[in-house]
Amino acid sequence: MNVFYEEDGGFKVAAIMTENPGSLQVEALTGKRSKIKSANVLMKFEQSLSGFMEAANAEAEQLDIPFLWECCGEDEFAFDELAQDYYGQKPTPVQSAAVAIRLHSAPVYFYRKGKGHYKAAPADTLNAALAAIEKKRLQAEKIATFAEQLKAGEFPEEFRSKLDMLFYDPDKNSMEWKALEQAAAETHTGHVQVLAAAGAIASIHDYHLGAFLREYFPKGTGFDAVAALPLVDDLPLAEVEAFSIDDSTTTEIDDALSVTPLGNGLTRVGIHIAAPALGILPDSPLDAIALHRLSTVYMPGNKITMLPEEAIEPFSLNAGHARPALSLYLDVAADFSIVHRESRVERVRIVENLRHDALEPYFNEATLAEDSGHPYWARLLFLFNLAEALEKARGKYDPTRPPQLDYNFYVTDGKVQIGARRRGSPMDKLVAELMIEANSQWGLLLKEHAIPGIYRAQNGGKVYMTTQAEPHQGLGVGQYAWSTSPLRRAVDLINQRQVISVLRAEPPVYPPNSDLLASAMRNFDQTYNAYNEFQTRMERYWCLQYLVQENVQEIGATVWRENLVRLDNLPYITKVHSLPELAPGTRVKLEIRQVDTLMMELDTRFNGVEAPVAEVDHV
């Protein structure tokens, strides 16, 4: 006697060796013996095992599932009962087994109700299930078609409206994503590379920008209409002529300087900061914009301003205008010691906006000893000497410090120029030191009046933000409250409000233990770091684009540490896997093998050690 039984979700046959209560010992055609439960046995038969399952499966394939379903009533039935009805006579063991196999293969049509027992699915349920299966089949066909198109470098038109999702926020249940995932798996490439190869990325630059905008500017970078700012023309006009020093691309001019002889060996230096806090009122729509954006976003060739032009223009320290300003005056003795400090809220006449590229040839390390002929040379020299005195007073003056480079990116019509400028040049130093002085002194003013502000502090090498005045060890000052870029940073705008409240003897906008102040500080710290990371990423993109643009095949570099090198004349550090063990500072030559601006990858090969050469200032 043989048995037809169910095991592991399928059907098997075997010869009975022994039969016990609740179980049987059976032997398969292969000779393998096993123990099975009596409950799993569907049918006993005497027909030969050889070819039985093959015949049953072949017979099952001939059975029409919809017809079987029509043969069933609404009640539960056994497979062998249906076999008898279907064949119109007592079925053979092969026929009974075929019906069991067919029923088991169609769970949409037949619900399993126990050993060998089934129930036909209701008509409406069946129709809905079949419709879902057909829909799934059609979707699978579409997915396969889309995947083949992508693999062939063709971009399906149906994907056009789904690019944002595919790039930045994949819906893994969508047909488009499944097709992309299939194409990526079958071509052994990344999803983005597949899309790029199919022509979906019109601009790699815009692809990188889009990822940032989607997270931080999901509603776009434009501004809603804002009401006109109140005029601030009732302030006293300072008796100074101020000038600014900025990069040629700067449009939000926050700071300006003035130098006025007082006689008796004293000179008054004015540090004048744009005062938008006088026009952007707390809880106003513009205030909400500033506290939402928190900072201007910088990137090569573009920027996203914190404030709309309607708020920038009336307060930007543009030449030819008298603009509201928060001023810090330093009365400086002949030895460049400061004998008096005073802060004022006033209007300041701006007579000149000096630009780095035009000024630097006339004011640099080589022109300090002799008048270069620039009309501001004498004033700039005085400010530079004051800056060095301030640097010494902070304990940070170090003439032996190795020069470092800052890089400016200029992008025009998709072409990039990268200019290197020595950090700490006379022009940079005088502006930096005077801004440190202002941020330190206004932080001190708030501290002395027990008015909270937002400070940058450093302790034990860790830089952090706090609403309490704490030392900044890296700068060597007792407190440091960002206050000199209120058109570009929300923290500076907040601190400016606090300083003005002290100078006007008014209650502070943000009282002690202000939740709004603490919240703004936390949001700013997180957002500002993200903006800086994005700026660095886009600078790296333009470095790679420069290598492509100039068709650079070989480049010099300096070993930084281990297999990391810094490329010549570019703010770019990269790994060189073929680099041998070399001491930091070693000059090497690299072959540029591949530049991938999409994946932001640079593949280089070590080409040898070269003799030291001087850095080139511009590329």
| said: Between Tyr528 and Trp482 (judged by ring centroids, cut-off 6.0 Å), do the two rings come close enough to count as a pair? | reply: yes
| query | Do Ser48 and Asn2 touch side chain to side chain, with heavy atoms closer than 4.5 Å? | reply | no
| query | Can Thr296 and Glu252 be counted as having a side-chain donor-acceptor contact under 3.5 angstrom? | reply | yes
| task | Determine, step by step, whether Ile304 and Arg293 satisfy the side chain to side chain contact (heavy atoms under 4.5 Å, CB included) criterion, reporting the C-alpha distance in whole Å, the side-chain angles of both residues, the deciding distance to 0.1 Å, and the verdict. | result | CA-CA 9 Å; Ile304 304 169; Arg293 295 201 174 193; 3.5 Å; yes
| Does a side-chain heavy-atom distance below 4.5 Å link Arg537 with Arg540? | no
| task | Taking the side chain as every heavy atom from C-beta outward, state whether Leu82 and Cys72 have any atom pair closer than 4.5 Å. | result | yes
| query | Do His205 and Met538 have side chains that get closer than 4.5 Å, going by heavy atoms? | reply | yes
| Ring centroid separation Phe534 to Tyr216 under 6.0 Å | no
| task | Go through the side-chain N and O atoms of Thr251 and Lys303 and say whether any donor and acceptor fall under 3.5 Å apart. | result | yes
| request: Could you tell me whether a side-chain N or O of Thr187 sits under 3.5 Å from a main-chain N or O of Ala183, the two making a donor and an acceptor? | output: yes
| message | Looking at Arg587 and Glu610, would you say the former's side chain and the latter's main chain have a donor-acceptor pair under 3.5 Å? | response | no
| said: Salt bridge check, Glu158 against Lys142: does any charged N sit closer than 4.0 Å to a carboxylate O? | reply: no
| Validation row: Asp169, Asp164 side chains within 4.5 angstrom (heavy atoms) | no
| field | 4.5 Å side-chain heavy-atom contact, Arg33 and Glu27 | value | yes
| said: Suppose we call two aromatic rings close when their centres sit under 6.0 Å apart. Are Tyr168 and Tyr207 close by that rule? | reply: yes
| Pairs touching residues 110-132 that satisfy side chain to side chain donor-acceptor pair (under 3.5 Å), sequence neighbours left out | Glu6-Arg112
| said: Can you tell me how far apart CZ (Phe4) and CG (Leu42) are? Round to the nearest 0.5 Å. | reply: 6.0 Å
| message | In the structure I gave you, are the side-chain heavy atoms of Leu180 and Phe146 within less than 4.5 Å of one another anywhere? | response | no
| message | For Val576, is there any backbone N or O sitting under 3.5 Å from a side-chain donor or acceptor partner on Thr604? | response | no
| message | So that I can tick it off, tell me whether Lys178 and Glu181 are bridged by a salt bridge, with the cut-off set at under 4.0 angstrom between side-chain N and carboxylate O. | response | no
| task | Say whether Asp406 and Gln404, considering side chains only, have a donor N or O and an acceptor N or O under 3.5 Å apart. | result | no
| said: Filter on side chain to side chain donor-acceptor pair (under 3.5 Å), then keep only pairs touching residues 15-24, sequence neighbours left out; what's left? | reply: Glu19-Lys44
